[in-house]
J.: 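I have a structure here, written as structure tokens, and I will follow up with some questions on it.
Position 1 is the first residue of the sequence; numbering continues from there.
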Amino acid sequence: MGNIELNTPVVWSGTAASMRRLPMPGGINALGNALAIYGNQIAGSGGTEGVGGALIWNAETLKYTILGQGIALDTNGVYQVGYTAPSGNFRALRWSGTPGSELDLHQFLPGFRQSQASGIDEDGTIVGWGRDADNNARAIAWVPVPEPATWLSLGIASLLLLVRRRRP
């Protein structure tokens, strides 16, 4: 994946001859960027004035989904990360593959003026940067915390294993 001719996003599948242009919201004159790929999911951005924003494409069908305002910089195939910049202040975001699914990661950074999420791994750990109140740039990692139901299930399974082992 990459860009050619005035920010036209493209994807290759191994050879120069396999290059395919990715469709864009707003049509042929729209500008875009294909920035990351994981499995069949390509993350990026593009469109024309008022149409577009953070995008994901299916690498097989080339169909796109507009996630919302901003730029998607990376994907792990399930979630997409990037940022939006209202009034020039960067705010880190995570989407879950659908329009309007954004989670504002900046809300978890009290005292920070700006943030951007730039990568996500298979486990959902997100990396990026932020600027604190004194304008110092800081590396950031957002680490997913299992939901209470997950902890409860693990606890019950562990208890059952202990009870089963203690039987004569």
J.: If Ile, Leu, Val, Met, Phe, Trp and Tyr residues are connected whenever their side-chain heavy atoms lie under 4.5 Å apart, and connections chain through other members, are I120 and I42 in the same group?
T.: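 Looking at the clustering, I42 is in a separate group from I120.
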J.: Between F90 and W129, what is the ring plane arrangement, given parallel below 30°, perpendicular above 60°, and tilted in between?
T.: tilted
J.: Taking only distance into account, with no hydrogens and no angle test, what donor-acceptor pairs under 3.5 Å do side-chain atoms of residues 109-116 form with protein atoms, sequence neighbours excluded?
T.:
from	atom 1	to	atom 2	distance (Å)
R113	NH2	N135	OD1	2.4
Q114	NE2	G88	O	3.3
S115	OG	A92	N	2.9
S115	OG	H106	ND1	2.7

J.: Indicate if V78 and I37 have the same hydrophobic cluster label, given that clusters are the connected sets of ILVMFWY residues with side-chain heavy-atom separations under 4.5 angstrom.
T.: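 Different clusters: V78 never reaches I37 through Ile, Leu, Val, Met, Phe, Trp or Tyr contacts under 4.5 Å.
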J.: Less than 4.5 Å apart, side chain to side chain, heavy atoms only: is that true for I71 and L35?
T.: yes
J.: Ignoring hydrogens, what is the shortest heavy-atom contact between N76 and E122? Give both atom names and the distance.
T.: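 Minimum heavy-atom contact is ND2-O, 4.0 Å.
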J.: Applying a strict under-4.5 Å side-chain criterion to I, L, V, M, F, W and Y, I'd like to know whether Y79 and W142 cluster together.
T.: yes
J.: State, to 0.1 Å, how close A72 and A54 come at their nearest heavy-atom pair, and which atoms those are.
T.: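 For A72 versus A54, the nearest heavy atoms are N-CB, 3.7 Å.
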J.: Would you give the length of the straight line joining atom CG of L55 to atom CE of M24, rounded to the nearest 0.5 angstrom?
T.: 5.5 Å
J.: Is there a continuous path of hydrophobic side-chain contacts, each under 4.5 Å between heavy atoms, that joins V81 to I140?
T.: yes
J.: With the side chain counted from C-beta on, respond yes when W57 and P23 share a heavy-atom pair under 4.5 Å apart, and no when they do not.
T.: yes
J.: How would you list, by chain and number, every residue that makes a side chain to side chain contact (heavy atoms under 4.5 Å, CB included) with Q41, sequence neighbours excluded?
T.: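 For Q41, the residues satisfying side chain to side chain contact (heavy atoms under 4.5 Å, CB included) (neighbours in sequence not counted) are I56, T75, Q80.
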J.: Hey, quick one: are L67 and L31 part of the same hydrophobic cluster, counting side-chain heavy atoms closer than 4.5 Å, chains of contacts allowed?
T.: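 No; L31 is not reachable from L67 via cluster members.
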J.: With side chains defined as the heavy atoms from C-beta onward, is the minimum distance between S45 and N33 less than 4.5 Å?
T.: yes
J.: Mind checking who shares a hydrophobic cluster with Y38, ILVMFWY linked at side-chain heavy-atom distances under 4.5 Å?
T.: none
J.: If you compare all heavy atoms of S13 against all heavy atoms of S18, which two are closest, and at what distance to 0.1 Å?
T.: N-OG, 2.8 Å
J.: What are the two closest non-hydrogen atoms of G46 and P25, and how far apart are they?
T.: O-CG, 4.1 Å
J.: Looking at I66, T61, L62, which hits side-chain contact (heavy atoms from CB on, under 4.5 Å) with Y64?
T.: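 Looking at I66, T61, L62, the match for Y64 under the side-chain contact (heavy atoms from CB on, under 4.5 Å) is I66.
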J.: CG of N40 to CD of E60: how many Å apart, nearest 0.5 Å?
T.: 4.0 Å
J.: Excluding sequence neighbours, so at least two apart, what forms salt bridge (Lys or Arg N to Asp or Glu O under 4.0 Å) with D104?
T.: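 If we apply the salt bridge (Lys or Arg N to Asp or Glu O under 4.0 Å) test to D104, skipping adjacent residues, the hits are R91.
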J.: Using modelled atom types and a 3.5 Å cut-off, is there a donor and acceptor pairing between side-chain atoms of D74 and backbone atoms of A36?
T.: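 Here the side-chain-to-backbone pair does not exist.
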J.: With sequence neighbours left out, what residues match D123 under side chain to side chain contact (heavy atoms under 4.5 Å, CB included)?
T.: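 Only D121 meet the side chain to side chain contact (heavy atoms under 4.5 Å, CB included) criterion with D123.
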J.: Determine which pairs satisfy salt bridge (Lys or Arg N to Asp or Glu O under 4.0 Å) with at least one residue from residues 78-90, sequence neighbours left out, and list them in order.
T.: none
